[in-house]
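Only a predicted model underlies this, so the values are computations on that prediction, with no experimental measurement involved.
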Amino acid sequence: MNSVVLDVSGLHYATEQNVVDARLGRRPGVHHVEVNAAAQTATVHFDPAVTSVADLRQWVIDCGYHCAGQSVPHHICDPTAEPGAEHSAHEAMAHHGHDHASMATDMRNRFLVALLFSVPIVLWSPIGTEVFGLHLPTPFGMRADVWSLLLSLPVVLYSCWIFFAGAWRALRARTLDMMVLVAVAIGAGWLYSVVITLTGGGEVFYEAATVLAAFVLLGHWFEMRARGGANDAIRTLLDLAPPKAVVLRDGEPVEVPTAEVVVGDLLLVRPDAKIAVDGVVEDGESEVDESMVTGESLPVHKAPGSTVVGATINANGTLRVRATKVGADTALAQIVQLVQEAQNSKAPGQRLADRAAFWLVLVALVGGGVTLAAWMLSGASFATAMLFAITVVVITCPDALGLATPTAIMVGTGLGAKRGVLFKNAMALETSARIEVVVMDKTGTLTKGEPEVTDVIADRFGETELLRLVAAVERESEHPLAEAIVRRAGDLDGLRAERFENVPGHGAIAHVGGRRVVVGNRRLLEREGIDPGALASRRDELAATGRTAVLAAVDGVAAGVIGIADAPRETSVAAVEALHDLGIEVVMLTGDNQATADRIAARLGIDTVIAEVLPGDKAAKVAELQSGGRRVAMVGDGVNDAPALAQADLGIAIGAGTDVAIETADVVLMRSDPLDVPIALRIGRGTLRKMRQNLGWAIGYNTIALPIAAGVFQPAFGLMLRPEIAALSMSGSSVIVAVNAVALKRLRLPTR
């Protein structure tokens, strides 16, 4: 199966996504469809042997919606994109943003027309006479109902046309949605009034139909404005891509659109300029700010042979970069596509809400019919019964139910993307909220994955002098422990080792500044006839705490011992504390010996240590933790830990950098920062909380509003709603849901 994200414009209401789902899902070769009305996109999984993207695009158009083709990640710089696709991130984003803005503008214009004509209709209606005491003469002496009919025509034929067209699309797709309800409510009220007007006059309610339309349009206009910020993450990411690039042609710099850069081009990247595409540095050195893509806060040094990522910023030096990935293959495009697919995917709660929305529409239609019959049987006039029936149909519109979870998911995934936390789908986002145990690999996750000097114990020399002598010898070695000592010593001020001798498995010997320096293990000193003396016990103490001890002797006398260990990352302690604040048990899983593991765990405050585990057995250990019924997340590097990541309820790949296509992970952390783990889980919890709040509000609103709308309390308490007030409250409910979801952006996250 292939998957593609399509731009689908014209989805005015959340429930309209079910129309595209239903129609497109029945097409040959289409396996699965996930539509997001808030993002105006559809993710389609299809068999390329049976159908094509062009077919999918045409089928969307056949549904009655506009489809410009593949969505923004695919036409960021793709000269081969199908007709209608933009050729740069800026053009793509402008097109994508224009669709949303034009829909909001169209909704505003329809509302203003409805408002303009509804006001005089109300003034000439019984409401104007009875409530406002107005007795306005009608133009040309025509009847008031005929005058109201003429005024209502622009509202019905223009403002309400989207409702009738949407209802027709839904019925063709053999589904029911909000458009059907609004069209039935407005259409029934208006047609009834027209019939009464044409047959000689009587009680009409043009004002109810037109004001109902105005309030529905007003509410949805506000709703579209409120949820417009839900997709800020995509806009922010796409805005990172530079529109132009400087390419060296015959040695001369030429500025071209980024879309025209091809693999193999040599790019000139000046200081403070953005790198246009992914590539490899061929010449020059500089610091590159990658925070906007990978989330890494510190600039990264680049030299010949270093890889660079498109949309990052060159800080100081001039670089010549050979393009290796362009268009949809760049890391930025992959990130955008991953975020879009996650936003389009549906959490279990959303699937339940979609089914509930369908049945709620059916309940509304049946309830309207039952309400009409019940009031007529009670002796009420047909007009009164019709008003109650229309109110029932309007107030139970499930738009808020349809918006409840997708808007929260969009904001949650976007919030994560801005912090370098990429959720692959809505299921991962929801699962992250329910995690009870986090299993973290030690090396490369909690620790830096490279040795570091932790202790310097000097006997006959000062610590600095001993380090300099030992580092001068170790600089000639390629052993990782030697590199740690050289890094700790820093600048040696020209101190050099002479007559260097490597002793495999033991250490090294050299002359430094006229002194004979021996560096290695205890066996090397014994071979050289050197007694470690009291330093032997210090060596044993370091070894007992999991450190590697390197002995040093100068001129035949033991001079000191250096402790080396894989040091924890700077944020590991904060990450463990943040997980504990969430009530989550932290487990460290490692292949190291128990002493080393216990030392790291004690330093970080980790609850449980599972040490001396072979790589192939990590998945089994995760399964053991799951056997108690607890939900377990596994955090690893996405390569060696792949089986464990797949076994866990939630696989989290840490330190992915620009490798966003890690198959076994549900969540990808772009940085090698364990603090991003509690950030991901907190985003998941915040999103799930908003989803529950929105669903609770939508369901509670309909439960309370339905009997009031049906007039159940009218005989005893005089409590009733007119259709236009019902429309206002229904639209207000949708606005509340959208605003509540967007408020997730203010979620407090752990800071470094």
Side-chain angles (χ1 to χ4, degrees), residues 13-15 17-18 37-38 176-178 180-182 185 212 215-216 218-220 222-223 226-227 230 346-368 370-371 388-412 426 430 433-434 685-714 716-744 746-747:
Y13 288 88
T15 54
Q17 62 197 24
N18 298 329
L176 298 173
D177 67 0
M178 177 180 172
V180 174
L181 293 184
V182 176
L212 165 61
F215 280 159
V216 172
L218 174 64
H220 193 60
F222 284 166
E223 172 199 316
R227 78 185 191 198
K346 294 183 180 179
Q350 174 62 27
R351 299 182 192 281
L352 180 62
D354 285 346
R355 290 195 294 272
F358 173 85
W359 289 107
L360 189 59
V361 172
L362 191 59
V363 167
L365 293 174
V366 173
V370 171
T371 301
F388 279 115
I390 291 174
T391 305
V392 167
V393 170
V394 170
I395 209 161
T396 49
C397 282
D399 195 48
L401 194 61
L403 279 173
T405 62
T407 312
I409 289 170
M410 285 185 66
V411 177
E430 188 168 325
R434 297 188 169 96
R685 290 191 178 189
T687 304
L688 183 61
R689 183 168 58 251
K690 290 297 182 184
M691 289 164 59
R692 287 173 172 170
Q693 289 173 355
N694 286 349
L695 285 171
W697 169 262
I699 294 171
Y701 162 80
N702 281 287
T703 302
I704 296 171
L706 185 58
I708 298 175
V712 172
F713 304 109
Q714 198 274 340
F717 305 102
L719 181 61
M720 64 172 291
L721 292 174
R722 286 186 58 85
E724 51 267 42
I725 303 303
L728 185 61
S729 63
M730 178 272 295
S731 299
S733 175
S734 299
V735 173
I736 289 172
V737 165
V739 170
N740 186 49
V742 174
L744 181 61
R746 298 198 296 268
L747 181 69

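Pairing each heavy atom of Ala389 with each of Gly368, the nearest pair is CB-O, 3.3 Å. Considering every non-hydrogen atom in both Ile395 and Ser729, the closest pair reads CD1-OG, 3.8 Å. Across every non-hydrogen atom of Ala185 and Leu212, the tightest pair is CB-CD2, 4.0 Å. Of all heavy-atom pairs between Val393 and Ala364, the closest is CG2-O, 3.7 Å. Between Val394 and Ala726, the closest heavy-atom pair is CG1-C, 4.0 Å.
The structure places OG1 of Thr371 at 11.5 Å from CD1 of Ile390, a figure rounded to the nearest 0.5 Å.
The side-chain hydrogen bond (donor to acceptor under 3.5 Å, both in side chains) search around Asn740 returns Lys690, Gln693, Asn694, not counting sequence neighbours. With sequence neighbours left out, the side-chain hydrogen bond (donor to acceptor under 3.5 Å, both in side chains) criterion links Ser734 to Asp399. By the side chain to side chain contact (heavy atoms under 4.5 Å, CB included) test, Val712 pairs with Pro707, Ala710, sequence neighbours left out. Residues forming a side chain to side chain contact (heavy atoms under 4.5 Å, CB included) with Ala426 (at least two apart in sequence, or on another chain): Ser345, Ala347, Ile409. By the side-chain hydrogen bond (donor to acceptor under 3.5 Å, both in side chains) test, Ser733 is found to be paired with Trp697, residues two or more places apart in sequence or in another chain being considered. Qualifying side-chain hydrogen bond (donor to acceptor under 3.5 Å, both in side chains) partners for Arg722, counting only residues two or more places apart in sequence or in other chains: Glu207, Glu724.
Between Val411 and Thr687 the shortest side-chain heavy-atom distance does not fall below 4.5 Å. Within the 4.5 Å cutoff, no side-chain heavy atoms of Val363 are placed close to those of Thr396. At least one side-chain heavy atom of Leu747 sits less than 4.5 Å from a side-chain heavy atom of Arg689. Inter-residue side-chain proximity for Leu706 and Val392 is flagged as met; some heavy-atom pair is nearer than 4.5 Å. Between Met730 and Phe215 the shortest side-chain heavy-atom distance does not fall below 4.5 Å. The shortest distance between side-chain heavy atoms of Thr407 and Val737 does not fall below 4.5 Å.
Screening Leu176, Leu181, Ile699, Asn702 for a side chain to side chain contact (heavy atoms under 4.5 Å, CB included) involving Leu360 leaves a single residue, Asn702.
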